[in-house]
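Order of the sequence lines fixes the chain letters, A, B, ..., with proteins taken first and strands second; residue numbering starts at 1 for each chain. Hydrogens, waters and symmetry mates are skipped; everything else that's a heavy atom, side chains included, is used.
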Amino acid sequence: MICFIALIVFGILGIFSASYRQVAKEAFICVFRRATLRKCETGLDIRLKSKIISKVMPRFPALGKILYKYFEVFSWFFVILFFASLAYSAYSGYNFWKYGNCYGPQNNGGFCPLTLLEGERYSRIMSQYNGTQTYPDVGDAATIGSPDSPVTIIEFGCFVCPNTKKAEATVQKVLNNYKDKVYYAYRDLPIETHPNAVLASEAAYCAKAQGKYWEYHNVIFENQETIMKLDNESAKELFISKAADLGLDGNKFRECLANHTYLNQIEQDFEDGLSAGVTATPTFFVNNQSIVGCLPYGAFEAAINSELKKAGING
Amino acid sequence: MDDEKIREYFPILNKKIKGKPIIYLDSACMSLKPKPVIDAMNEYYLEYTSCGERSSHSFGRKTTERMEKTRERTKKFFNAKNASEIVFTKNTTESINLVARSLGLKKGDKVLTTDKEHNSNLVPWLQLEKIGVMHEVVEWGDEFNIENFKQKVKNAKLVSFVHTSNLDGTTIPAKEIIKTAHDSKALVMLDAAQSAPHKRIDVQNLNVDFLACSGHKMLGPTGVGVLYAKKNLLEKLEPFITGGETVQDSTYDSVKFREIPYRFEAGLQNYAGIIAFKEALDLLDMAGMDWIQKHDAKLNEIVSKELNLPKIKLIGPENSELRGSIFSFNIEGMGFHEVASMLDETSNIMIRSGNHCVHSWFNAHGMKGSARASWYLYNTEDEILKFAEEVKKLIKLV
C-alpha cells in the first residue's frame with residue numbers, strides 16, 4: 001500500500017526531475033499489480049519499507065519490530081489518511097473558490113492557508129476602537145432597495161481602496177439576484193493612508209445632494225487609479241469635472257467640496273464603522289453577519305440565504 | 001598475507017555512506033577493483049589509446065604488446081601450455097556460448113550439466129535442444145555423487161559443469177569428474193566464474209578441455225572474460241563471432257581465418273580492460289590463491305558459527321569448508337529482498353538477494369530465492385562479525 005503514496009509523491013516530483021520518474025513508474029506498476037490482486041514485483045515496496053524501518057530500528061527497536069510486523073496495516077492507515085486529507089483539501093479548495101474561506105458557508109473564521117496564495121482581500125484601517133461593539137444602521141447613507149426588505153446589507157467601503165472596487169461586481173450581482181429581498185447601503189470608511197479617500201467620499205455625498213449618488217459612485221470607482229495618483233487640488237478639479245459630465249451643477253459641487261459640507265457625516269460613517277468592529281474595507285454586514293474583504297459571490301449568497309431562511313423566506 | 005595491507009589496494013573501501021563505512025559482501029557478483037587495475041586502465045586511456053593488432057604506430061604497438069602480456073600472464077595463471085589457448089571474451093557467458101555455438105554439436109549429441117547451473121551454463125544448451133542436441137541434468141545436491149555421474153556420462157559428447165556454485169559456494173570434484181568424462185570420451189568444460197577468483201586452477205593438472213571465467217569477479221575490469229581451450233580443440237572450433245581481426249584474407253566469396261586465438265576475437269577489443277586484467281592477476285598471485293582460499297574458509301567458518309540459529313535457513317552443506325566464500329541463506333519470516341535491503345539501509349552492508357541467475361534450482365526446490373553474502377580477499381573478520389550481528393538484529397524483528 002505504501003506504493004499508493006509513493007505514486008502520488010514521486011509522480012509530482014517526477015514532473016520536475018527525471019530521476020523520480022523511474023521511481024514513479026515503479027510505483028505505478030506496483031499499484032497496478034496490487035489493484036489487480038497481484039504481488040508488487042518492482043521491489044519498491046520492500047525498499048521503502050526497509051528505508052523506513054532502518055530509520056526507526058536503531059533508536060526504537062521495539063517500535064521497529066511493531067512497524068515491521070504490521071507495516072501493511074500502517075501503510076493502509078497512512079493511505080486512508082492520505083486520501084482523507086486529499087479529499088478534505090479538495091473540499092477546502094472548493095469552499096475557497098465559492099465562499100472565499102476553507103470552511104464553507106458556516107465559516108468559523110479559522111485559518112485558511114489558501115488565502116496566503118491570493119494575497120490580501122481587504123485593506124486595513126489604521127484607527128482602532130476599544131468600546132462596545134454595536135451593529136451599524138443605514139444612517140444617512142445612499143441606499144438601493146426597500147427598507148422593508150428582509151435582508152439589509154451595509155457596506156463600509158473606501159472609494160480609493162482597490163478591494164472595495166473589486167467587490168463592486170459582486171455587489172451588483174447580489175443586487176441583481178436578490179432584487180426585492182435586499183436593502184443595500186454604502187457607508188464611507190475612507191482609509192487614512194489612501195490618497196484623496198476623504199475627498200472622494202465628500203464628492204460622493206455632494207453628488208448625492210444633487211440626486212445622482214449612484215452614478216457618481218460608479219464614476220469614482222472607474223477613475224480610482226487616476227484619483228490615487230493626483231494631489232488634492234488636482235483630484236478636486238477632477239471630481240468637479242466628472243460631476244459636470246453627469247450634468248450636475250458645477251458651482252454647487254465646487255462649493256460643497258470647498259465647505260466640506262458632508263465631512264461631519266463622513267466622520268460619523270467612520271465612527272459607526274469602527275464601533276461596529278470594522279477593521280478593513282470593504283466590510284459588509286448582511287443583517288448581523290459580517291463579511292470582510294472582496295469575497296466570492298458564494299459567501300454573500302450563503303449569508304443572505306441564511307438570513308432569508310431565518311425570516312422564513314426561500315432564497 | 002595481511003588483511004589491512006590488501007585493503008590498501010582498494011580505494012573504494014575508504015568510501016563512507018551516511019558517515020558509515022561500507023561492507024561489501026557481493027563479490028560473487030562483482031569484485032572490487034584494486035588501484036593498479038584502475039591505474040592501468042587510466043594509463044591506456046591517458047597515455048596510448050589506440051587499436052591493438054592492426055595499427056603499427058607506437059601507440060598501437062604498445063597496446064598489442066601489453067595485451068599479449070596479459071595473455072601470457074593469463075596462461076601462466078592457469079598454467080596453460082600455450083598463450084594461444086587463451087581467448088579473450090566479454091565474460092564467462094560469452095565464453096560458454098562460444099563453445100556451445102562452435103563445437104559443432106548436432107542432433108543426438110548429449111550435453112550434461114549439473115542442477116546448480118547459472119543460466120549462462122544452462123540456456124545455451126536449452127537453445128541447442130532446438131537442433132536436436134540432448135541436454136541432461138546431473139543431480140549434485142550437497143555432495144557430488146560420482147557413481148551417479150558415471151552412469152549419466154555414458155555417450156555424452158560434452159560435460160559442461162559449474163566448477164564452484166554461485167548458489168551455495170560448493171565445488172565439484174573437478175579432477176575426478178574430468179577423468180571419468182574422458183574415460184567415456186566426453187569433453188569437459190568448466191564454468192569457473194566462481195572458482196577462478198578463489199582457488200588455484202591448473203588446467204593441465206585438471207586436464208580440462210575448456211574453462212570459462214570472468215575478469216570482473218577476479219579483481220579485473222568489467223567486460224573481460226577468458227576462454228581457455230586445449231590447442232587442438234580450439235583449432236577445430238568454428239569462429240563464433242566473425243569480422244575484423246579474425247580474418248587473414250578474404251575475397252568476395254571466401255575467407256581465410258587467422259590463427260588461434262585471434263580468429264575468436266572479432267572486432268575491436270576491450271584493450272583497456274584486458275591490459276588492466278594483468279594487474280588483477282598479479283595482485284591475486286601476490287596475495288596467493290592458497291591464502292585466498294584459506295581466508296575465504298576462515299570467514300565462512302566465523303559466519304556459519306555466528307549464524308547457526310534456528311531462524312536461519314542455510315542453503316548448502318552445513319560444513320562451512322565446503323561453501324567457499326558464499327553464505328546463502330533465508331531468515332524465517334522475512335523476505336530475502338527485505339534482508340538485503342535492510343542490511344544496506346541500516347549498516348551499508350551490501351549483499352545479493354534473489355535467485356542469483358539459478359532460477360532452475362530454486363524452481364525445482366520450490367523456493368523463491370535467498371539472501372547471499374559473498375566475500376573476497378579484502379573482507380575482514382570484523383566485517384563478517386558485523387554482518388552476523390546485523391543479521392541477528394533482523395531476526396529479532398520477526
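Counting non-hydrogen atoms of neighbouring residues, nucleotides and ligands closer than 6.0 angstrom, the NZ atom of B:Lys15 reaches no more than 12 such neighbours. No more than 12 heavy atoms of other residues, nucleotides or ligands sit less than 6.0 Å from atom CD of B:Glu139. Other residues, nucleotides and ligands contribute over 12 non-hydrogen atoms within 6.0 Å of the CD atom of A:Gln133. No more than 12 heavy atoms of other residues, nucleotides or ligands sit less than 6.0 Å from atom NZ of B:Lys90. Enclosure of atom OH in A:Tyr88 is not indicated, since only 12 or fewer non-hydrogen atoms of other residues, nucleotides or ligands lie within 6.0 angstrom. No more than 12 heavy atoms of other residues, nucleotides or ligands sit less than 6.0 Å from atom NZ of B:Lys35.
Chain A forms the most heavy-atom pairs under 4.5 Å with one residue out of B:Thr346, B:Leu397, B:Val398, and that residue is B:Leu397.
Of all heavy-atom pairs spanning A:Ser50 and B:Glu338, the tightest one is OG-O, 4.0 Å.
Atom CE of B:Met342 is separated from atom NZ of A:Lys49 by 7.0 Å, given to the nearest 0.5 angstrom. Annotation: the span from A:Met57 atom CE to B:Glu390 atom CD amounts to 6.5 Å, rounded to 0.5 Å. Of the inter-residue distances, the one linking B:Glu345 atom CD with A:Lys55 atom NZ reads 6.0 Å to the nearest 0.5 angstrom.
Inspection of non-hydrogen atoms places no residue of residues 7-29 of chain A under 4.5 Å from chain B. Contacts with chain B (heavy atom to heavy atom, under 4.5 Å) involve these residues of residues 59-75 of chain A, listed by number: A:Gly64, A:Lys65, A:Tyr68, A:Lys69.
In this structure, chain B has heavy atoms under 4.5 Å from both the backbone and the side chain of A:Ile46.
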